[in-house]
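The next block holds one structure in the form of structure tokens; read it before the comments.
In what follows, residues are counted from 1 in the order of the sequence shown. Values in this document were obtained by computation on a predicted structure and should not be read as measured data.
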Amino acid sequence: FPYTTLFRSGGKLIIQALEHGLFEIKEDNRAVMIQNTSVFKGKIVSGICTLPGKYKADLLISTNSHGIFSYRDGKVYKWKADLESYFAEIQINKLMVSQSGLLILGSIRDGVLIFDHNGQMLYHVNSSNGLLNNTILSMFEDKEENIWLGMDKGIGIVKMKDKILLYHDHSGILGTVYTTAEMDSILYIGTNQGLYYFDQREKFRPDKSTTFKLLKGTQGQVWQLKNLGSDLLCGHNEGTFIISKKNASKISDVTGGWY
């Protein structure tokens with residue numbers, strides 16, 4: 001029977017027969033169908049890998065247009081079912097596990113997604129924050145744990161060991177940054193257009209926008225943020241504010257506060 005792709009995972013050679021399902025190539029070169037994988041009949045499998053961490057006995061199987069599945073104890077399950085429609089929309093094209101046990105997905109329409117061994121998304125890298133192109137055609141990890149990306153336009157690299165994360169405001173919405181502060185796991189940025197915040201406790205979701213939001217009532221020039229331990233003061237062109245999580249309360253009308 002004709003097959004589409006050969007995958008190597010966990011010491012096994014696996015092929016997909018588009019009209020049947022998944023087969024394992026045994027040592028005597030026999031192709032033996034993997035139990036209950038007929039669910040992949042008619043679906044284009046784009047990647048197979050062994051899951052990291054405590055799930056390392058399981059297989060993760062990505063498809064081009066039908067989401068991602070896990071294979072455990074002879075049964076097929078949907079992986080991250082809440083993201084099934086998103087995975088189908090962006091078309092998962094490549095799949096790999098890094099040396100440090102991170103799961104890396106390369107897509108046709110939305111760049112690279114990186115998950116930890118528990119399935120929590122850590123990073124989403126695409127054309128809005130650094131890549132030249134959103135179409136990932138190949139991925140390779142070098143000995144320094146850098147992830148190299150072959151794209152539809154150019155070559156990219158994700159330096160996984162870098163301790164500094166860069167935020168690119170390509171849209172220009174934030175304006176010019178004057179001051180920053182962090183309190184209670186919330187990162188604040190004061191700009192010439194207002195006070196913006198990002199709650200670092202919020203879980204990343206690739207199908208949701210994870211960007212800085214304007215703190216209501218703080219439109220205008222922010223000059224300085226001062227962390228006083230229990231309070232966060234904001235020196236603003238309209239006066240001085242006390243910032244409490246995602247709320248701003250004005251305590252002085254004297255304009256242009258500096259500390």
Side-chain angles (χ1 to χ4, degrees), residues 4-5 7-10 12 14-24 33-98 100-129 131 134-139 141 147 149 158 160 198-211:
T4 56
T5 314
F7 303 95
R8 182 185 294 274
S9 178
K12 298 179 179 180
I14 300 173
I15 61 174
Q16 180 194 17
L18 196 57
E19 296 303 317
H20 300 278
L22 301 180
F23 291 76
E24 181 182 350
M33 187 168 186
I34 300 174
Q35 183 181 3
N36 294 322
T37 61
S38 58
V39 67
F40 295 106
K41 178 180 179 180
K43 298 179 175 68
I44 298 176
V45 173
S46 57
I48 299 177
C49 71
T50 303
L51 277 171
K54 62 182 179 179
Y55 305 105
K56 61 184 178 182
D58 302 346
L59 294 177
L60 197 68
I61 303 165
S62 64
T63 65
N64 189 258
S65 301
H66 296 85
I68 303 176
F69 301 82
S70 63
Y71 182 82
R72 181 173 67 253
D73 299 327
K75 295 183 179 179
V76 177
Y77 302 89
K78 291 180 180 178
W79 187 77
K80 306 290 288 185
D82 57 328
L83 295 176
E84 178 183 6
S85 59
Y86 170 74
F87 287 147
E89 179 184 342
I90 68 169
Q91 296 184 285
I92 302 301
N93 190 46
K94 294 296 175 182
L95 176 69
M96 66 176 287
V97 175
S98 72
S100 60
L102 298 179
L103 178 64
I104 303 174
L105 308 177
S107 74
I108 292 294
R109 302 185 63 242
D110 205 9
V112 175
L113 302 106
I114 302 175
F115 295 80
D116 67 16
H117 64 276
N118 291 316
Q120 174 63 45
M121 193 180 87
L122 301 176
Y123 311 110
H124 184 191
V125 186
N126 58 20
S127 60
S128 71
N129 57 14
L131 294 185
N134 277 332
T135 300
I136 308 301
L137 301 177
S138 62
M139 301 191 300
E141 183 180 21
I147 307 299
L149 307 171
V158 181
M160 300 301 298
F198 178 76
D199 192 340
Q200 299 175 89
R201 294 165 298 188
E202 294 180 359
K203 292 184 177 180
F204 285 102
R205 282 184 59 91
D207 58 341
K208 302 291 184 182
S209 175
T210 53
T211 187

- Message: Whether the Tyr71 and Asn36 side chains hold a donor-acceptor pair (N or O, under 3.5 Å, no angle test) is what I'd like checked.
- Response: no

- Where does the angle between the aromatic ring planes of Phe40 and Phe69 fall among parallel (under 30°), tilted (30 to 60°) and perpendicular (over 60°)? perpendicular

- Could I get the full list of salt bridge (Lys or Arg N to Asp or Glu O under 4.0 Å) partners for Arg8, not counting sequence neighbours? none

- Query: Hey, does Leu95 have a side-chain heavy atom less than 4.5 Å from the side chain of Ser62?
  - Reply: yes

- Using atom types as modelled and distance alone, determine if a side-chain donor or acceptor of Ser9 lies under 3.5 Å from a backbone N or O of Thr50. yes

- Check whether any side-chain N or O of Gln35 sits under 3.5 Å from a backbone N or O of Asp73 as a donor-acceptor pair, and report yes or no. no

- Task: Examine distances only and state if a side-chain atom of Arg109 and a backbone atom of Gln91 form a donor-acceptor pair shorter than 3.5 Å.
- Result: no

- Message: Just by distance, no angles: are the side chains of Asn126 and Asp110 close enough, under 3.5 Å, to form a donor-acceptor pair?
- Response: yes

- Item | Heavy-atom check, side chain of Leu102 versus side chain of Leu122, under 4.5 Å | yes

- Heavy-atom donor-acceptor pair, Asp116 side chain to Asn118 backbone, under 3.5 Å: yes

- Minimum heavy-atom distance between Ala88 and Ser65, given as atom pair plus value: CB-O, 3.3 Å

- Task: Over all heavy atoms of both residues, which pair between Thr37 and Leu22 is shortest? Give the atoms and the distance, please.
- Result: OG1-N, 3.1 Å

- Message: Would you say that Phe115 contacts Gln120 through its side chain, given a criterion of any heavy-atom pair below 4.5 Å between the two side chains?
- Response: no

- Is a donor on one side and an acceptor on the other found under 3.5 Å between the side chain of Thr135 and the backbone of Ile108? yes

- Is the closest side-chain donor-acceptor distance between Asn134 and Ser127 under 3.5 Å? yes

- Measure the shortest side-chain to side-chain distance between Lys41 and Leu18 over non-hydrogen atoms and say whether it is less than 4.5 angstrom. no

- What residues, two or more places apart in sequence or in another chain, satisfy salt bridge (Lys or Arg N to Asp or Glu O under 4.0 Å) together with Lys78? Glu84

- Query: Does a side-chain heavy-atom distance below 4.5 Å link Ser107 with Lys94?
  - Reply: no

- Item | Contact summary for Ile147 and Met160, nearest pair of heavy atoms | CG1-CG, 3.8 Å

- Message: Name the residue from Val158, Ile114, Asn129 that meets the side chain to side chain contact (heavy atoms under 4.5 Å, CB included) definition with Tyr123.
- Response: Ile114

- Non-hydrogen side-chain atoms of Ile68 and Ile92 separated by less than 4.5 Å: yes

- Item | Heavy-atom side-chain proximity of Leu131 to Ile136 below 4.5 angstrom | yes

